[in-house]
Amino acid sequence: MPNRIEELEHRTRFEPAEVEPRITQRWLQSGLFHPEPQGSAAENYSIAIPPPNITGSLHMGHALNGAIQDVLIRFNRMQARDGTTAQPAARTKWILGTDHAGIATQAQVEKALKAEGTSRQEIGREAFERRVWEWREHYGHRIIEQFKRLGASCDYEEERFTLDDGYHRAVVKVFVDLYEQGLIYRDRYIVNWDPGSRSAISDLEVEERRETDTLYSIRYDLDGADGGSVTIATVRPETMLGDTAVAVNPQDQRYRELVGRMALLPLIGRHLPIIADEYVKRDFGTGQLKVTPAHDPNDFEIGQRHELEQVSVIGEDGRMTSEAGERFAGLTVMQARAAVVEALKEEGRIVGEEPYEHEVPYSHRSGERIEPLISLQWFMRMDELAQPAIEAVTCGAVRIVPDNHRRVYLDWMANIRPWCISRQLWWGHRLPVYYCQTCNHVHVATSAPEHCEKCGGELRQEEDVLDTWFSSALWPFATLGWPDETPQLQAFYPTNVLSTARDILFLWVARMIMMGLRFTGQVPFSDVYIHTVIQAPDGRRMSKSLGTGIDPLEEIERHGADAVRFGLLAMSSSQDVRYSAEKVQQGQALANKLFNAARFVLLKVAEVDVTGAGSGEIAGESGAVESLRSLPRPEAVEDRSILPRPEAVEDRWILSRLEQIEADTAARIADYDFSHAALGLYDFVYGELCDWYLELVKHRLASDGSSTSEQDRNRLAAILLHVLRETVAMSHPVMPFVTEELWSYLGGGNELLAGASYPCADNSLIDPEAEVSMERAIEAITLIRGWRDSVGARPGLIVPARLNAKGYETTAASVARLARLELTSAADAPAAVVAVPVPGGVLEVLSEEGLDLQAAERRRTGERERLEAEIERVRAKLANERFVAKAPEAVVAGERSKLAHLEAELGAV
RNA sequence: GGGCGCGUAGCUCAGCGGGAGAGCGCUCGCUUCACACGCGAGAGGUCGCUGGUUCGAAACCAGCCGUGCCCACCA
């Protein structure tokens, strides 16, 4: 041990690049991340990672969410290993895997093929699929490696893939079951057609862009001898070739007479019935609308209501079809638009043109403009699935954090629409649907039937694959072996929390809840945590295409994984936040500070140890240091011998602060308040432990031994080691690498910190019989003065805490201000002292318990009493007639709801 | 159009009923034997605007302005 500590002498900095790979190795070899499936999900803790795309590379969102989940996982793993409980250790598992990402992956491989001068059509489906699998073998694990660099403690030994064999079985079973239950069906429907990928894509993959186009007003003549015309407005004149009606609002007096007559479609000459439909807005344009059921979703619905013909003039390749007429067939949509306008102008039919700004749909994936088209697709009916998923959230079986997203979820679910689940791709789960080549009979089955059950004819499997989100929706249970009742499923399903960004709340989260309930009868997770979105430093969205992305891996390279984790967690406060390199820097500084504080203590303590003495009174037979090292944790803490001498106020103070920060950090992590958890650690380590406590205590460790007894030095060494160990252990979920490294010196064994137990706040260290009294505080001041004088430091401020006229306790800072006004040197300090300065001019109040007053108050009264006091206050306010009469309705209502809230909280305590 | 955020020091953000704060940046001074990824001392703010509630508002309420995100079928 001494040798190892000596080597610290020269490591004056924490070097992530040197430490991280070494630590990662140890973790991976330890098997700590791979729990055996035992016990029930209620006893265990699990998180299913949002599976990154195999095409993906770690971006800021992954890094943040990775850090968040890892904090939860590590924190809970450390809870689970708490040796103080008699129960068998619970298991903690972070379920890992990747998503096959249909469109994105296919696009990647197609790009590669193109570079080789070929195409998927050319090589055929089978060869193409082989190519994609090869691609996946090569590149598909990159992102997993990147998660390792982040320090993410996933179960790397059981990596799943949304397209592996077992997973496919789950997907097929779900499809077949839902088909048999009548929820999956085939229909002609207008879909968002992406000409780029030649596939239908979901509403959720459509991105609207604001563009300025021309709004044309076009005159259509009426059929009949009496002349007359209607004027319609459109930004897409090319679609008029597919018009099959003209519509007006039924309430529109102006056009009563027109309904039932016919208009003539210019250029084509088709007869268009004039119909009345509520959809038409009377005040837009002329209030006369052209209806193109085949190329506009709204018109499609109007068409359904009025049984209109559907004329498709745009094909799946994004070009005009023969239905558009010889003149236009084969043109691209934009070419056709110009040609149609020109033709109409020749006929003098354009009666108005104005610039018009509107939203134009683009494919999220291919970037091409969406063409709404009619095609034959597979759909899933959602209303029946949605109902239980709505109840799960309203009754609290699934808790959405922060809860303002609840309403968004519920609103969306209440208005849910059928889901188009088929995609015209080659990469994905091919639908388990088989068509008879002879009689067209449709078979849906888990395994391919040999012949048509009706006519015995040849069968051919559906070409389409399922929307990627179909398989993702099964993630939390399909990864654990469902539909088999595996031990994994039993031990880890349902999972505890799903952490994700809010943009896939519907795309993914809602669907997992629906599928989980339908197929397992249980919610897939009890909490949904919606994390912050990190924007680029300039406030724009971080995106590769905008060039605003910041690569987290580069940041890790530069500052270390701990620093990046700390920074991201510290940033994750509100809904959107800008990336702040400074927070990462702050994290780096903290890692280094912690490292050096530990180094200092270890080197000093080693000296103390060498002097060897130690007395039985302190900590058993040998010196405090040795005994502390060898003792397992709980005993060490409960060993009263490490309690400080009553007069050592600063010891009592740091120990009580330690207990407080432990309680706070644990509570913050449990509350998903990661930024305060991280920043709280920073404040403690910097502001209290290093700036203040270590500075105060230095002279007591001085090796010349002039000012302190050997006994005190031993005792102090024990306290220092204790504080340091707990601080390091407590910081581990946020900064796993430095802390693991330090644990190899502090841990007293070969145990990894990742597998150790989380320190729990322990009030036994705050001995009620040894409260810091006024007299003792004075002694503390004497001590501090002595130290200050000995190092020649400037006089600090030493002031009393006091109550103001109203009886409120003043805060530390207000005391500071008072002190600054009234005192200029320590010599003027009043005799009764309960507050002391810390470097930098900030004051920390030492109460009679040696703590800050609020914390002391909390401990004294307890949570229940605090709530009761709060409730009493609010009740009194509501009982005040003047208040109720004069305050705005909303204020009173606010107080009432606050009261209700507090009462509920009290009930929960 | 609806919903949800955010506007506090030059920058990024805490604070959310009684003191205007942190990190970074800036100025000055430190080879103080854990740490220059450090230590000490400073400068810097009508807490977006207007009203209201209150003994007291950066914080609570209303309205406005600015800004960002999500959802939505207005041709």
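Proteins come first, then strands; the chains are lettered A, B, ... in the order of their sequence lines, and each starts at number 1.
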N/O (side chain, H405(A)) to phosphate O (OP1/OP2, G3(B)) under 4.0 Å: no
I'd like to know if the side chain of Y686(A) pairs up with that of Q586(A) as donor and acceptor (distance under 3.5 Å, no hydrogens or angles considered). no
So does D299(A) get a backbone contact from the side chain of D296(A), meaning a donor-acceptor N/O pair under 3.5 Å? yes
Check: protein-nucleotides 65-70 of chain B nitrogen or oxygen pairs below 3.5 Å:
| unit_1 | atom_1 | unit_2 | atom_2 | d |
| --- | --- | --- | --- | --- |
| G68(B) | O2' | Q535(A) | NE2 | 2.7 |
| G68(B) | N2 | Q575(A) | NE2 | 3.1 |
| C69(B) | O2' | R502(A) | NE | 3.3 |
| C69(B) | O2' | R502(A) | NH2 | 2.4 |
| C70(B) | OP1 | R541(A) | NH1 | 3.3 |

How close or far is atom P of C71(B) from atom CD1 of I416(A), stated in whole angstroms? 14 Å
Base, sugar-phosphate alone, or nothing: which one does R13(A) contact when heavy atoms must sit under 4.0 Å apart? base
Side-chain heavy-atom pair V248(A), L289(A) within 4.5 angstrom cut-off: no
Give one of base, sugar-phosphate or nothing for R236(A), where a contact means two heavy atoms less than 4.0 Å apart. nothing
From the list U12(B), A34(B), C73(B), which nucleotide is the closest neighbour of the side chain of S580(A)? U12(B)
Does Y409(A) put a side-chain nitrogen or oxygen below 4.0 Å from OP1 or OP2 of G3(B)? no
Modelled atom types, side-chain donor and acceptor of Y189(A) and Q304(A), under 3.5 Å: no
Nearest-neighbour nucleotide for the A589(A) side chain, G38(B), C71(B), C74(B) considered: G38(B)
Which nucleotide, C4(B), A75(B), A34(B), lies nearest any side-chain atom of V235(A)? A75(B)
Among C13(B), A75(B), C37(B), the one nearest V577(A) by side-chain distance: C13(B)
Below the 4.0 Å mark, does G5(B) have OP1 or OP2 next to a side-chain nitrogen or oxygen of N404(A)? yes
Mapping N596(A) and Y682(A) to their closest nucleotides on RNA chain B, which lands nearer the 5' end? Y682(A)
Of the listed nucleotides G23(B), C37(B), A34(B), the one nearest the side chain of E15(A): C37(B)
Considering only heavy atoms from C-beta outward, does the side chain of V533(A) approach that of R502(A) to under 4.5 Å? yes
Testing C71(B), A34(B), G23(B) for proximity to the side chain of W412(A), the answer is C71(B)
Does V728(A) reach the side chain of L746(A), with side-chain heavy atoms less than 4.5 Å apart? yes
Going through the checks in order, is the salt bridge (Lys or Arg N to Asp or Glu O under 4.0 Å) test met by E278(A) and R305(A)? CA-CA 11 Å; E278(A) 291 287 351; R305(A) 286 196 283 271; over 6 Å; no
Comparing nearest nucleotides in RNA chain B, the 5'-proximal residue of the pair L215(A), T12(A) is T12(A)
Using side-chain heavy atoms (C-beta onward) and a distance below 4.5 Å, is F506(A) in contact with I416(A)? no
Would you say T234(A) places a side-chain N or O within less than 4.0 Å of OP1 or OP2 belonging to A75(B)? no
Counting only N and O atoms by type, is there a donor-acceptor contact under 3.5 Å from the side chain of D243(A) to the main-chain atoms of A245(A)? no
Could you check how far CZ of F595(A) sits from C1' of C35(B), rounded to whole Å? 10 Å
When rounded to the nearest Å, what value does the distance between P atoms of U46(B) and G38(B) take? 30 Å
Rounded to the nearest angstrom, tell me the gap between atom CD in E9(A) and atom P in A34(B). 10 Å
Write down the distance between CD1 (I400(A)) and P (G5(B)), rounded to a whole number of angstrom. 14 Å
On a whole-Å scale, what distance lies between the P atoms belonging to C49(B) and G10(B)? 14 Å
Would you mind reading off the distance between L568(A) atom CG and U12(B) atom C1', rounded to a whole angstrom? 13 Å
Just compare C39(B), C4(B), A34(B) and give me whichever is closest to any side-chain atom of K604(A). A34(B)
Using the P atoms only, state how far G7(B) lies from C16(B), rounded to an integer number of Å. 13 Å
For Y686(A), report the nucleic acid contact type (base, sugar-phosphate, nothing); a contact means any heavy atom under 4.0 Å. sugar-phosphate
Using atom P of each nucleotide, how far apart are C4(B) and G63(B) to the nearest Å? 13 Å
Distance in angstrom units between F674(A) CZ and A14(B) P, rounded: 16 Å
A cation-pi test, strictly: NZ or CZ of R407(A) under 6.0 Å from the centre of the six-membered ring of W412(A) and no more than 45 degrees from its axis. Yes or no? no
How many whole angstroms separate atom OH of Y189(A) from atom P of C73(B)? 11 Å
Between C73(B) and A22(B), how far apart are the C1' atoms? Round to whole Å, please. 48 Å
If we take the P atom in both G5(B) and A9(B), what is their distance in whole Å? 22 Å
If we take the P atom in both U50(B) and C55(B), what is their distance in whole Å? 23 Å
Close side-chain approach of V360(A) and D213(A), heavy atoms under 4.5 Å: yes
Taking the six-membered ring for Trp, are F595(A) and F737(A) closer than 6.0 Å centroid to centroid? no
Would a 4.5 Å heavy-atom cut-off, applied to side chains only, mark N192(A) and P361(A) as touching? no
State whether K593(A) places a side-chain N or O below 4.0 Å from either non-bridging phosphate oxygen (OP1 or OP2) of A36(B). no
Rounded to the nearest Å, what distance is computed from the CD atom of residue Q586(A) to the C1' atom of nucleotide G25(B)? 14 Å
Are there runs of at least three consecutive Watson-Crick or G-U pairs touching RNA chain B, with each pair's two distances under 3.5 angstrom? Give them by first number. B:1-7 with B:65-71, B:10-13 with B:21-24, B:26-30 with B:38-42, B:48-52 with B:60-64
Out of C24(B), C6(B), C37(B), whichever nucleotide has its closest atom nearest the side chain of Q588(A): C37(B)
Euclidean distance for C1', C13(B) against G68(B) (whole angstrom): 16 Å
When we call it a touch if two heavy atoms are under 4.0 Å apart, what does T292(A) touch: a base, just sugar-phosphate, or nothing? nothing
